[in-house]
Amino acid sequence: MQDYYPFDKVEEKWLRRWENSNLDKTGTDPDKENYYVLEMFPYPSGNLHMGHVRVYSIGDVVARYKRMEGYNVLHPMGWDAFGLPAENAAIKHGNIHPKEWTWKNIAHMKEQMKAMGLSYDWDREVTTASKDYYKWTQWFFAKMFARDLAYRKESTVNWCPSCETVLANEQVVNEGCERCGTEVEPRELEQWFLKITEYADRLLDDFKELDNWPEKVKTMQKNWIGRSEGTRINFPLKDLDEHLEVFTTRPDTLYGATYMVLAPEHPLVSELTEGSEKEEEVKEFIAKVKKQKEEERTSAESEKLGIFTGAYAVNPVNDKEIPIYIANYVLMSYGTGAIMAVPAHDQRDFDFARKYDIPVKAVIQPEDIEDKLKGSEMEEAYADDGYLINSDQYNGLSVKEAFAKMAEDFSEAGFAKVETNYRLRDWLISRQRYWGAPIPIVYCDDCGAVAVPEEDLPVELPHDVEFSPSGESPLKKVDDFVNTSCPQCGGPAQRETDTMDTFVDSSWYFLRYTDANNEQKAFAKDKADKWFPVDQYIGGIEHAILHLLYSRFFTKVVHDMGMAEAVEPFTNWLAQGMVLKDGAKMSKSKGNVVDPKDILEEYGADTARLFILFASPPEKDLEWSNKGVEGANRFLNRVWRYITDNIELIKNEEAEIKPAELDKDAKKLYRIMHSSIKKVSEDIGQRLNFNTAISAIMELTNEVYSYLNDREEAEINSALLRTAAENTLLLLAPFAPFLSEELWERIGYEESIHLASWPEYNQSALEKDEITIVIQINGKVREKINVDADISEEEVKEKVMAEEKVQSYLEGSELIKTIYVPSKLVNLVIK
RNA sequence: GCGAAAGUGGCGGAAUUGGCAGACGCGCUAGAUUUAGGAUCUAGUGGGUAAUCCCCGUGUGGGUUCGAGUCCCACCUUUCGCACCA
């Protein structure tokens, strides 16, 4: 009789029953340890895609496993619900409001998640676009404003002409908008910033708490923050009563500075050249650089171009005159926008000096070369360690010694100071779009910018707004919203009309989950500390800088506010790979999308989960395979079939297994059962390698089949069969929650399998009576013998030497050496 | 250009500590069952070979070792990150 797992009926049945159960609720047992597993919440676009299926399946396996292991588990879900797509959809479809669109999508995706069998505690659902949530996002902004961590400043910012809003530096990728790819334009605007730079050092230093983060991601963040320690040095100008300030990480090479360079945008440029014979030439050059910058923006090795200004600076250590150039390779946005150039020890300066025939003066001598470096003969810059030459009293010092000594001396002499520079810029959070949390600031003629007090929060986003993008916030046109009174003096005032970057919303949602329904606070400290930091965070690598850096910053601010103990939000982070089809990311334009809905309809949720976890380790990209899906389905049917076929035998069995009485095949099944438990436990619990965990369950199932195939029903050890079936279901429960639950009930349990304890393996059951010893001759496998497990080294060697094949190899050769690896192999070295 | 990761059958992948390469799955071959197909069950499946012997085999070339997918050196390819940050 053929029997198939009727997934549709089973899923319907258990979805209904689970709905009224407390299975997925956050654990509260004071005797258990707490565990917080979290997947990045989705943007509610309307439908789950395969990427969602993958990340949420991973998280669900961890959550279910940890529950069975005896932890209180917090496994929540929510919606990153503010953002442009809602507005764009509303604009595209005409008569639907972003709010309506968002809430409709949320309802649908929530149903899809439930259908997937994902075990979330929906009592803690968080939606960033709901008033209950964004009230606290605004509250955090106001608190930061009070702590001087939020400020308004006019500066050059990145403008996306397609999204019609400004963007943070982190949201500009290859000079394009992170969302739509459109090339960004610089604009001078007054905008709100969060002072993430104040946390730059802590964001770097606290990586020591994050041993388990992927090295790659830490490197990316380190690069992004870009800390460099150096010295700010003042060079007097020759004919002007002014100074030229430069930042350098190599104060030890000051004696080797043979020219200075200003960025074309540097304010001193006009002062130095105005009225001079060089003025016209310099202006032409700057115009050329500006034009070139746009045209050759993407070229990797753009040529270094420069021009002499005719002006000179004076080296403060030896009063030598140094010519000042303007060049395209110095940027106004970093350091002071000016450098001292040391061509002998910096490759860029070296290239430039050779091109414009500027002297090269070596001041660092490599230890391992006898001849003194000569600037005129060098072929490339020498940037490594060595000792100082041509540097007066500093000669002979190592680079490290000289760095410290010179920085100190120069500071005392008053023309330099030690300084650390960062690449990181403050986080621009103003957005000129509608669907976001209004920045809770009121402008009063008398009091200036005033934060909206807590009792007046939230500043509600008005509903009826003409929100087509216009380059200005749509809220500007809503008089009721704009006109208000000053919270401080009561006088007439206007509200800030920009909304916040959606990355602000998602920078603290993981804390809200710990106390999601608190109406008095963002979250209570005791609740936060009970769960936070997140033990295991799972999400896409695309957030390596953006969301993860912002969240780390927020967590540190929260800590400083005394609201939580943790200084880092995510103890472990798993970056899951993409889901590909035909070697490419699934996308509508490529027409290679597989809709999870279709897979669920044809094979059911358990098959979908099982396939996506089996096909590849989680951090690697996964190639979608319809055949692979069928394979996963086939395996579930194999489990279903052997248990239902033998249901009477299994159901009625109550006896315990007596390992000593098992026959040979039974013993093998018994052993594999225990080794599977061990393997699956380690693979889920420690390695997060679900593909090999599943293969271990398959091996167990295969072994059950081979046990059953070899004997008549009367010969089946039903206690063993029952235990094997139970363990198979327990191991499978995190992966295939529906099938395991149904069969668990059928074999006689009344309580859910998801409340059962994770099985334990028995070390003694793993040990074999008989082991296989590999015999190698000169490292090549030539024979294998089976011996008793407790055999001595001498006995093994005796047996090996007695082997016919070994004898034939030994004939006419000399045995030089015998290597014995206990329980594994014997290697005979012969000549 | 710099840095990191990866490269294993026809395919996805396994080998966690230097010790039987290819677990598990897909595909394929044969058999059983079936009117037939599908499904299922059984056996086989890295290449060469009649073969269970033997030879070859983890991107390429060297090295260390009794023994290397695993360690070291050089190179090739792919992916990712950084790319004038003074």
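Convention: sequence-line order gives letters A, B, ...; per-chain numbering from 1.
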Item checked: Considering all heavy atoms, the nearest A/D252-A/A402 contact -> CB-CB, 3.9 Å

Check: Of the nucleotides B/C54, B/A86, B/C66, which has the atom closest to the A/V829 side chain?
Finding: B/C66

Notebook entry, point to check: Rounded to whole angstroms, how far apart are NZ on A/K222 and C1' on B/A4?
Noted result: 13 Å

Next item on the list: Kindly point out which of B/A86, B/G12, B/C54 is positioned nearest to the side chain of A/Y809?
Entry: B/C54

Checklist line | Distance between P atoms of B/U64 and B/U79 (Å, rounded) | finding: 35 Å

Item checked: Spacing of the C1' atoms in B/U65 and B/G22 (rounded, Å) -> 24 Å

Note to self: Could you check whether atom CD of A/E380 has more than 12 heavy atoms from other residues, nucleotides or ligands sitting under 6.0 Å from it?
What the structure shows: no

Item checked: Charged N-O contact under 4.0 Å between A/K678 and A/E682 -> yes

Notebook entry, point to check: Contact class for A/N421 vs. all strands (heavy atom < 4.0 Å): base, sugar-phosphate, or nothing?
Noted result: nothing

Next item on the list: Calculate the interatomic distance between A/L622 atom CG and B/G25 atom P; express it in whole Å.
Entry: 18 Å

Checklist line | RNA chain B stem ranges, 3 or more consecutive Watson-Crick or G-U pairs under 3.5 angstrom | finding: B:1-7 with B:76-82, B:10-12 with B:24-26, B:27-32 with B:40-45, B:46-48 with B:54-56, B:59-63 with B:71-75

Notebook entry, point to check: Can A/N315 and A/Y255 be counted as having a side-chain donor-acceptor contact under 3.5 angstrom?
Noted result: no

Notebook entry, point to check: Hey, mind stepping through A/N702 and A/R638 against side-chain hydrogen bond (donor to acceptor under 3.5 Å, both in side chains) and telling me if it holds?
Noted result: CA-CA 9 Å; A/N702 291 346; A/R638 266 164 78 80; 2.8 Å; yes

Next item on the list: Using a 4.0 Å heavy-atom cut-off across all strands, classify A/K831 as base, sugar-phosphate, or nothing.
Entry: nothing

Note to self: By nearest atom, which of the nucleotides B/C66, B/A86, B/A23 is closest to the A/E699 side chain?
What the structure shows: B/A23

Note to self: Looking at A/R641 and A/D645, is there a salt bridge between them, counting it only when a charged N and a carboxylate O are closer than 4.0 Å?
What the structure shows: no

Margin query: Quick one, A/R711 with A/D665, criterion salt bridge (Lys or Arg N to Asp or Glu O under 4.0 Å). Give me CA distance, side-chain angles, the key distance, then yes/no.
Written below: CA-CA 10 Å; A/R711 58 194 62 214; A/D665 291 344; 3.5 Å; yes

Next item on the list: Write down the distance between CZ (A/R641) and C1' (B/A39), rounded to a whole number of angstrom.
Entry: 8 Å

Note to self: So which atom in A/L743 and which in A/T644 form the shortest heavy-atom distance, rounded to 0.1 Å?
What the structure shows: CD2-CG2, 3.9 Å

Checklist line | Whichever of A/M332 and A/N637 has its nearest RNA chain B nucleotide further upstream toward 5' | finding: A/N637

Next item on the list: Evaluate whether atom NZ of A/K799 has more than 12 neighbouring non-hydrogen atoms of other residues, nucleotides or ligands under 6.0 angstrom away.
Entry: no

Notebook entry, point to check: Touch check for A/N702, heavy atoms < 4.0 angstrom, all strands: base, sugar-phosphate only, or nothing?
Noted result: sugar-phosphate

Margin query: What is the distance, to the nearest angstrom, from the NZ atom on A/K780 to the C1' atom on B/A68?
Written below: 14 Å

Margin query: Between A/K304 and A/V261, is the side chain to side chain contact (heavy atoms under 4.5 Å, CB included) condition met? List the steps.
Written below: CA-CA 12 Å; A/K304 287 168 184 54; A/V261 186; over 6 Å; no

Check: Tell me, do A/V796 and A/Y820 make a side-chain contact under 4.5 Å, heavy atoms counted?
Finding: yes

Checklist line | Touch class at under 4.0 angstrom, heavy-atom based, for A/R782 against every strand present | finding: sugar-phosphate

Next item on the list: Pick the C1' atom in B/A86 and in B/C76, then give their distance to the nearest Å.
Entry: 35 Å

Note to self: Tell me whether the rings of A/Y550 and A/W427 are parallel (<30°), tilted (30 to 60°) or perpendicular (>60°).
What the structure shows: parallel

Please write out each protein N/O paired with an N/O of nucleotides 18-22 of chain B under 3.5 Å, distance rounded to 0.1 Å.
residue, atom, partner, partner atom, Å
B/G19, N2, A/Q776, OE1, 3.3
B/C20, O2, A/K784, NZ, 2.4

Check: Within less than 4.0 Å of OP1 or OP2 of B/U42, is there a side-chain N or O belonging to A/N709?
Finding: yes

Next item on the list: Decide yes or no for A/Y761 and A/V680: does some side-chain heavy atom of the first lie under 4.5 Å from some side-chain heavy atom of the second?
Entry: no

Notebook entry, point to check: So, for A/F352 and A/Y325, is the gap between ring centers shorter than 6.0 Å?
Noted result: yes

Look for any protein N or O under 3.5 Å of an N or O in nucleotides 48-52 of chain B and output each such pair with its distance, or none.
none

Item checked: Of residues 684-696 of chain A, the positions that come close to RNA chain B - non-hydrogen atoms, cut-off under 4.0 Å -> A/R687, A/N691, A/T692, A/S695

Next item on the list: Measure the distance from CZ on A/R54 to C1' on B/G12 and round it to the nearest whole Å.
Entry: 12 Å

Margin query: Rounding to an integer number of Å, can you tell me how far A/E380 CD sits from B/G1 P?
Written below: 15 Å

Margin query: Would you measure the distance from the C1' atom in B/U8 across to the matching atom in B/G57 and give it in whole Å?
Written below: 10 Å

Please enumerate all protein N or O atoms sitting under 3.5 Å from an N or O of nucleotides 26-31 of chain B, with distances to 0.1 Å.
residue, atom, partner, partner atom, Å
B/C26, OP1, A/R634, NH1, 2.6
B/G27, OP2, A/R634, NH1, 3.4

Next item on the list: Report yes or no: do A/N626 and A/E630 form a side-chain donor-acceptor pair below 3.5 Å?
Entry: no

Next item on the list: For A/V330, answer base if it contacts any base atom (sugar-phosphate contacts may also be present), sugar-phosphate if it contacts only those atoms, and nothing otherwise; contact means non-hydrogen atoms under 4.0 Å.
Entry: base

Check: How many angstroms lie between CD1 in A/I324 and CZ in A/F235, if you round to the nearest 0.5 Å?
Finding: 10.0 Å

Notebook entry, point to check: Taking C-beta and beyond as the side chain, do A/W213 and A/Q221 meet within less than 4.5 Å on heavy atoms?
Noted result: yes

Check: What form does the base of B/G13 take, syn (within 90° of 0) or anti?
Finding: anti

Next item on the list: Please determine, by modelled atom types, if A/S228 and A/N421 share a side-chain donor-acceptor pair under 3.5 angstrom.
Entry: no

Item checked: Exercise: do A/Y422 and A/D201 side chains pair donor with acceptor under 3.5 Å -> yes

Anything under 3.5 Å between a protein N or O and an N or O of nucleotides 78-82 of chain B, put it in a table, one pair a line.
residue, atom, partner, partner atom, Å
B/C80, O2', A/K216, NZ, 2.9

Next item on the list: May I have the distance from A/Y334 (atom OH) to B/C84 (atom P), rounded to whole angstrom?
Entry: 13 Å

Next item on the list: Return the minimal non-hydrogen interatomic distance between A/I771 and A/S823, and the atom names on each side.
Entry: CD1-CA, 3.6 Å

Check: Hey, does the side chain of A/Y5 come within less than 4.0 Å of B/A39's phosphate (OP1/OP2), counting only N and O?
Finding: no

Notebook entry, point to check: How far apart are the closest heavy atoms of A/P316 and A/N234, and which atoms are they?
Noted result: CG-O, 3.8 Å

Notebook entry, point to check: In whole angstrom, what separates A/E419's CD from B/A86's P?
Noted result: 12 Å

Next item on the list: Determine: side-chain N/O of A/R638 to OP1/OP2 of B/C41, distance under 4.0 Å, yes or no.
Entry: yes

